[in-house]
Amino acid sequence: MMSASDIPGSGVATSVVTATADDAVGSATGEGHEMKQIWKFIYIDMTYVKSLFGILLAAEMVLSLLGLICVSVPTDEGCAYLYSSAYSFYEFVASSCFILSLVWYILYLLAITRKLGFVRWDIAEIATNGFFILFFLIASSVVAAKACRQGGYNAAAVFGFFCMIVLAGHEFFCVRQFLERRQQASAQSTSADAADDSSKD
């Protein structure tokens with residue numbers, strides 16, 4: 001069962017809740033996840049923070065934010081006027097990636113994805129990653145070609161390519177996890193059908 005301990009005198013509960021296989025499905029903690037209570041019924045999934053997916057999402061947020069900052073640093077008005085559409089497109093891609101990565105991180109951090117299990121989060125995440133892989137490839141390539149020897153634009157392009165690589169790794173693990181779950185579901189369905197057939201015989 002769950003165990004919790006709060007630090008007296010603090011305004012925020014800092015209890016750590018570990019769920020076991022005996023906990024009910026759909027509980028606030030979730031099976032096999034280490035949860036840290038921060039306020040009443042709000043928990044943080046510490047297991048996700050330490051996981052590969054959590055680290056990849058955090059890296060995407062950092063890299064996209066760095067790219068967004070770098071593309072805004074150069075002050076060459078001539079380049080900014082000539083290639084404003086290219087820089088604006090990069091800013092759109094980087095800012096969108098940062099915001100959506102932050103949203104995904106919050107959804108997983110607060111275990112909202114497990115509470116709303118009827119939503120196909122896996123497919124949505126795969127689609128989001130694929131979108132940003134393509135758009136970062138285009139935006140970073142264009143900014144690198146239109147850098148005008150400005151260090152900020154070159155740095156933005158580098159961060160964009162790095163973010164694309166991290167996104168590609170994230171996409172790989174998401175797709176692999178998705179296929180594994182489908183295979184498990186197919187195997188369970190096959191075994192259930194076989195059990196039904198044998199019971200009828």
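FYI, side chains are in, hydrogens and waters are out, and symmetry mates aren't considered; it's all heavy atoms of this structure.
- Considering every non-hydrogen atom in both V166 and A59, the closest pair reads CG1-CB, 4.1 Å.
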Show me the side-chain donor-acceptor pairs of residues 167-179 shorter than 3.5 Å, one per line, residues at least two apart or across chains.
{"from": "H170", "atom 1": "ND1", "to": "E60", "atom 2": "OE2", "distance (Å)": "2.8"}
{"from": "H170", "atom 1": "NE2", "to": "E125", "atom 2": "OE2", "distance (Å)": "2.8"}
{"from": "E171", "atom 1": "OE1", "to": "N129", "atom 2": "ND2", "distance (Å)": "3.4"}

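- In this structure, the side chain of S96 does not engage the main chain of V93 through any donor-acceptor pair within 3.5 Å.
- Within 6.0 Å of atom CZ in F162, 12 or fewer heavy atoms from other residues, nucleotides or ligands are found, so the atom counts as exposed in its surroundings.
- Rounded to the nearest 0.5 Å, atoms CG (L56) and CG (L52) are 4.5 Å apart.
- Distance alone, capped at 3.5 Å, places no donor-acceptor pair between the S101 side chain and the F98 backbone.
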Identify every side-chain donor-acceptor pair in residues 133-159 under 3.5 Å, counting partners at least two apart or on other chains, and give the distances.
{"from": "S140", "atom 1": "OG", "to": "F136", "atom 2": "O", "distance (Å)": "2.8"}
{"from": "S141", "atom 1": "OG", "to": "L137", "atom 2": "O", "distance (Å)": "2.6"}
{"from": "N154", "atom 1": "ND2", "to": "Q150", "atom 2": "O", "distance (Å)": "3.3"}

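- Note that the OG atom of S85 and the OH atom of Y90 stand 15.5 Å from one another [nearest 0.5 Å].
- When the side chains of ILVMFWY residues are joined at heavy-atom separations under 4.5 Å, either directly or via intervening members, L68 and L57 end up in two distinct hydrophobic clusters.
- Formation of a donor-acceptor pair under 3.5 Å by the S51 side chain with backbone atoms of Y48 is found in this model.
- Hydrophobic clustering (ILVMFWY, side-chain heavy atoms < 4.5 Å, transitive): I55 and Y108 are in distinct clusters.
- Cluster membership for L102 and V49, using ILVMFWY side-chain heavy atoms within less than 4.5 angstrom, is shared.
- W121 contributes a side-chain N or O that, together with a main-chain N or O of L116, makes up a donor-acceptor pair within less than 3.5 Å.
- Every residue was checked against the salt bridge (Lys or Arg N to Asp or Glu O under 4.0 Å) condition with R182, not counting sequence neighbours, and none meets it.
- Here OH of Y87 is found 8.0 Å from CG of L82. Values are rounded to the nearest 0.5 Å.
- A distance of 5.0 Å separates CG in L109 from CD1 in I44, rounded to the nearest 0.5 Å.
- Between T128 and L100, some side-chain heavy-atom pair lies under the 4.5 Å cut-off.
- No chain of hydrophobic side-chain contacts below 4.5 Å, direct or via other Ile, Leu, Val, Met, Phe, Trp or Tyr residues, connects F118 to I123.
- Taking CE of M61 as the reference point, atom SG of C163 lies at 10.5 Å (rounded to 0.5 Å).
- Cluster annotation: I126 and F131 are assigned to distinct hydrophobic clusters (Ile/Leu/Val/Met/Phe/Trp/Tyr, side-chain heavy-atom contacts under 4.5 Å, transitive).
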